[in-house]
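Worksheet: one structure, shown below.
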Amino acid sequence: MIHDFHKIKILNCFILILYCIFLFSACTEENNRVQKISNATIANTEFEKEDIMNIEQKTETEQIIISYENSNSKIKKLEKDFSYVRFHGDYGFEDFISRGGAYSDKEVVEFLAERFTGLSNLKSLTGDSFGCSTISATTSSGEKLFGRNFDWQECDALVVLSYPETGYSSVSTVNMDFITQNIKGGILGMAFSFDSVKTIAALYAPLDGMNEAGLAVAVNMIQDSAATKQKTGKPGLTTTTAVRLLLNKAATVEEALNLLASYDFNSSMGMVVHFAITDKSGRSVAVEYIDQKMNIIETPILTNFYLTPGKKYGIGTTQSKERYEILKNALETNQYIEEDKLKTILDSVSKDNFEEFTSTEWSIVFNLSKQKVIYFHRENYKKAYVFRL
């Protein structure tokens, strides 16, 4: 029995390593079941029913409402390469922060391995990059929206609904692609079938999300070689653990900025990134790191080039500037933008418009005022998956 127990611990450790390899290299019991996917389903409350019906009258989008349930760490497939999971309880993030966080992906992996398997001194690897677009908007009734495209090669996406013991509940998105490619078959492939192990690792690797307080954040990449490696003696954060910290702890943009300023930020795998952050008051900012210093730019739009005035301004991809102009024009020509209109705007800057090898793997309309999240998978804007916190 003791021998078997150690074998299980080692397997779990390997799973965590493999999972974090990809997650840190990319942008990041059941009471109710998901209703039948082939037909739009209506949630139980009259409020949700009316809300969804109004959307359906204006569009031909199929609405799939994901009902609340108490199942924990059970990954549920919505369609090919698109799933979701809920987690209730403690996943160690408070302990992670109290220990000083992490200054590298390797340290995050070691923390997870030590906490959940008892092993340490592990190593992570590098991978590919990503690009994205974000936009903040207001509806005619004053609701605050945040739109997000995640552009990358075809990958396995996981929506994570987190209900921690300490901190805000949240919805976030994780990219799982390389994990499935690296462990096909064999004993590791069998071990990776444990949803609980995947879920714990995924909680440390969000690429975007919104919390119950109405704060949303997303990571966008910049094509540059000046990775951020702050070493001022403050606690440390990597790219995705920064997103997790903000989702768990920040209710407003101001709180998010204060949190980021109190940590040393070290971008994952040497990638240059910036953050789009917005809240339900309507304030939207970009956070960029230049010469190891944090810069704040008030902006409702972010793609994949620097916005900080000075020597770095404009560095990034040409195509990201084209997407920026499309989003800017949308804000200038629309006094108000409803949820369905925001979906159309995201479609206008999705990757199928630019003849590239990458795709828009997911688009999200966050309604910060209603704690509502609408997902569209792989540029299919006629099928919406709706989550509510």
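Being a predicted model, the structure only gives us computed values, none of them experimental.
Note on ring orientation: taking the six-membered ring where Trp is involved, the planes of Phe265 and Tyr289 are parallel (angle under 30°, cut-offs 30° and 60°). Ring geometry for Tyr313 against Phe305 counts as perpendicular: the plane angle is over 60°, on a 0 to 90° scale with 30° as the lower cut. Between Phe82 and His377, the ring planes are parallel. Angles under 30° get that label, and only those over 60° would be called perpendicular. A parallel orientation is assigned to the rings of Phe150 and Trp362, their planes being inclined by less than 30° (bins at 30° and 60°).
In the hydrophobic clustering of this structure, Phe87 does not group with Tyr168; members are Ile, Leu, Val, Met, Phe, Trp, Tyr whose side-chain heavy atoms approach within less than 4.5 Å, directly or through other members.
Listed here is the closest heavy atom pair of His274 and Ile222: ND1-CD1, 3.4 Å. Taking each heavy atom of Asn367 and Glu143 in turn, the nearest pair found is ND2-OE1, 2.9 Å. Closest heavy-atom contact between Ser268 and Thr240: OG-N, 4.4 Å. Annotation for Ser369 and Gly142: closest pair OG-O, 4.4 Å, computed over non-hydrogen atoms.
Atom SG of Cys132 sits about 10.0 Å away from atom CE of Met221, to the nearest 0.5 Å. Atom-to-atom distance recorded for Lys293:NZ and Thr308:OG1 is 13.0 Å, nearest 0.5 angstrom. For the atom pair CG (Asn248) and OG (Ser169), the distance works out to 9.5 Å, reported to the nearest 0.5 Å. The NZ atom of Lys144 sits 12.0 Å away from the NZ atom of Lys280 when rounded to the nearest 0.5 Å. The distance from the CG atom of Leu78 to the CD1 atom of Ile64 is 7.5 Å, given to the nearest 0.5 Å.
Listed by chain and number, the residues in a side chain to side chain donor-acceptor pair (under 3.5 Å) with Thr252 amount to none (sequence neighbours excluded). Here Tyr263 pairs with nothing under the ring-ring contact (aromatic ring centres under 6.0 Å, His included) rule; sequence neighbours left out. For Glu298, the side chain to side chain donor-acceptor pair (under 3.5 Å) partners at least two apart in sequence or on another chain are Arg283. Residues forming a side-chain contact (heavy atoms from CB on, under 4.5 Å) with Lys382 (at least two apart in sequence, or on another chain): Glu60, Asn380. Remark: Asp224 engages Tyr306, Lys312 in a side chain to side chain donor-acceptor pair (under 3.5 Å) (not counting sequence neighbours). In this structure, Tyr103 has no ring-ring contact (aromatic ring centres under 6.0 Å, His included) partners at least two apart in sequence or on a different chain.
Side-chain atoms of Ser83 never come within 3.5 Å of backbone atoms of Leu158 as a donor-acceptor pair (strictly under, hydrogens ignored). Under a 3.5 Å cut-off, the side chain of Asn304 and the backbone N or O of Thr317 do not form any donor-acceptor pair. Between the side chain of Asn353 and the backbone N or O of Ser350 there is at least one donor-acceptor pair closer than 3.5 Å. Checking side-chain atoms of Glu339 against main-chain N and O of Val365 turns up no donor-acceptor pair under 3.5 Å. In this structure, the side chain of Arg148 does not engage the main chain of Gly209 through any donor-acceptor pair within 3.5 Å.
Taking the six-membered ring where the residue is Trp, the centroids of Tyr84 and Tyr385 are separated by 6.0 Å or more.
Between the side chains of Ser136 and Ser284, at least one donor N or O lies within less than 3.5 Å of an accepting N or O. Side-chain contact, Ser73 with Asp195: no donor N or O sits under 3.5 Å from an acceptor N or O. Asn149 and Ser363 share a side-chain donor-acceptor pair at under 3.5 Å.
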>> Using side-chain contact (heavy atoms from CB on, under 4.5 Å), reason through Lys249 and Thr166 one step at a time and then give a plain yes or no.
In response: CA-CA 9 Å; Lys249 299 292 187 181; Thr166 302; 3.9 Å; yes

